Number of protein chains: 2
Amino acid sequence: MKKMEHNECMSALLPVRDTLDIIGGKWKILILISIWEGNKHFREIERSIPKLSTKVLSKELKDMEENQLITRSVLNGFPVRTEYTPTEHSKTLEKVILELQNWGTNHRKKIFGDKSVTNNSVHV
Amino acid sequence: MKKMEHNECMSALLPVRDTLDIIGGKWKILILISIWEGNKHFREIERSIPKLSTKVLSKELKDMEENQLITRSVLNGFPVRTEYTPTEHSKTLEKVILELQNWGTNHRKKIFGDKSVTNNSVHV
DNA sequence: GTAATCAGTTACCTTTTGGTAATCAGTTAC
DNA sequence: GTAACTGATTACCAAAAGGTAACTGATTAC
């Protein structure tokens, strides 16, 4: 594995910040996955994610469009419909998300799962 | 690559949330790397990261200790010193961080860089 | 005209996160 | 005893993120 270098201000971490800004927050990954799964329309996405409000969804979709994770197109018709579709670029996030998921799973095991815990001095 | 499944509430994403909670925020990764690089003491870590305040550092170190990313030991002596050392478990984050870094770098290229610009015109 | 659907926006509020500055407590050097 | 270093904690603020609920506009169905 590549070794991480330490320069003046660890500017190698700027991209890390970027990524965290783009997929961080409470809803972004949820929304992205919902769209990946085939939900295309605003209300459809909204309904697929419990507790997500229209305001937040609206804002997140804008961010995600800016970051080229989705494209938005308006279909003129009966009740006007918008269609959100994932970009190819968005697919490159799958690997990142799986890595996060993986680590989280192992971390959970590490923290709670080991019943033969060797850690006597756990402080509250 | 493993396919992502969609269940009732996408509970497979709970671990993703965990991970983001643990390494998210403005300072956690910075602090972790500083410690990986060999900074052991409170002031040492503080000084290695510009703009980081004692209050925030103090809080983040506690969180990181709780999450078993570092261990804290107090050495009694002259001016009392504490020593923070990275755990083996923390090392497993390297892969995750590199993945985030990688994606961020490529994303930057995608968004700004398509003119064969490497990294000259990076805006902060 | 009334209701209902789609796709949002707006105003207002609460919670979380981060930042500033002062202070505390212990110890050494002068 | 006063300053300076260590490792913090506390009180007080400011900004960002997130939540609630009402409302706009357009169109279709009744």
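Lettering follows sequence order; numbering is per chain, from 1. These numbers were taken from a predicted model, which means no experiment stands behind them.
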Between A:E46 and A:R43, does any side-chain N to carboxylate O distance fall below 4.0 Å?
yes
Can we say B:K95 and A:E99 salt-bridge, meaning some charged N sits less than 4.0 Å from an Asp/Glu carboxylate O?
yes
Grab the [atom1]-[atom2] distance between [X] and [N] for me, whole Å please.
X     : N      : atom1 : atom2 : value
A:L52 : D:dA17 : CG    : P     : 16 Å
B:E83 : D:dT6  : CD    : P     : 15 Å
B:L30 : C:dG19 : CG    : C1'   : 16 Å
B:K51 : D:dA15 : NZ    : C1'   : 16 Å
A:E46 : D:dG19 : CD    : P     : 13 Å
B:L75 : C:dG26 : CG    : P     : 18 Å
A:K40 : C:dA7  : NZ    : P     : 13 Å
B:R43 : C:dG26 : CZ    : C1'   : 13 Å

Let's see if you can work this out: which of D:dT6, C:dG19, C:dA7 has an atom nearest to the side-chain heavy atoms of A:H41?
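The listed nucleotide nearest to A:H41's side chain is C:dA7.
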side-chain N/O B:R47 vs D:dT6 OP1/OP2, d < 4.0 Å
yes
Give a yes/no on whether any side-chain N or O of A:W27 is located under 4.0 angstrom from OP1 or OP2 of D:dA17.
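For D:dA17, neither OP1 nor OP2 has a side-chain N or O of A:W27 closer than 4.0 Å.
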Across the strands shown, which category fits A:R81 at heavy-atom distances under 4.0 angstrom: base, sugar-phosphate, nothing?
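Touches sugar-phosphate only.
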If you look only at distance, which donor and acceptor atoms sit under 3.5 Å apart when one is on a side chain in residues 55-70 of chain A and the other is two or more places apart or in another chain?
from, atom 1, to, atom 2, distance (Å)
A:K59, NZ, A:D63, OD2, 3.4
A:N67, ND2, A:D63, O, 3.2

Just verifying a value: how many Å separate [X] [atom1] and [Y] [atom2], rounded to the nearest 0.5 Å?
X      : Y      : atom1 : atom2 : result
A:I33  : A:E37  : CD1   : CD    : 7.0 Å
B:I45  : B:S34  : CD1   : OG    : 5.5 Å
B:W36  : B:K91  : CH2   : NZ    : 8.0 Å
B:N39  : B:E83  : CG    : CD    : 11.5 Å
B:L75  : B:K40  : CG    : NZ    : 10.0 Å
A:K110 : A:N106 : NZ    : CG    : 10.5 Å

Considering only distance and modelled atom types, tabulate donor-acceptor pairs under 3.5 Å from the side chains of residues 12-31 of chain A, sequence neighbours left out.
from, atom 1, to, atom 2, distance (Å)
A:R17, NH1, A:D21, OD1, 2.9
A:R17, NH2, B:G25, O, 2.6
A:D18, OD1, B:R108, NH2, 3.4
A:D18, OD2, B:R108, NE, 2.5
A:D18, OD2, B:R108, NH2, 3.0
A:T19, OG1, A:P15, O, 3.0
A:T19, OG1, B:L100, O, 2.8
A:T19, OG1, B:G104, N, 3.1

Considering all heavy atoms of both residues, which atom of A:S90 and which atom of A:P86 are nearest to each other, and what is their separation?
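Distance-wise, the nearest heavy atoms are OG-CB, 3.7 Å.
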Between protein and nucleotides 25-30 of chain D, what N or O pairs are separated by less than 3.5 Å?
from, atom 1, to, atom 2, distance (Å)
D:dT27, O3', A:F78, O, 3.4

When the axes are fitted on five pairs at both termini, how much does the helix from C:dG1-D:dC30 to C:dC30-D:dG1 curve, in 10° steps?
20°
Which residues, if any, of residues 53-71 of chain A bring a heavy atom under 4.0 Å of DNA chain D?
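Here the set is A:S53, A:K55.
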Go through the structure and list residues passing ring pair (Phe, Tyr, Trp, His ring centres under 6.0 Å) with B:H89, not counting sequence neighbours.
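Applying ring pair (Phe, Tyr, Trp, His ring centres under 6.0 Å) to B:H89 gives A:W103, A:H107.
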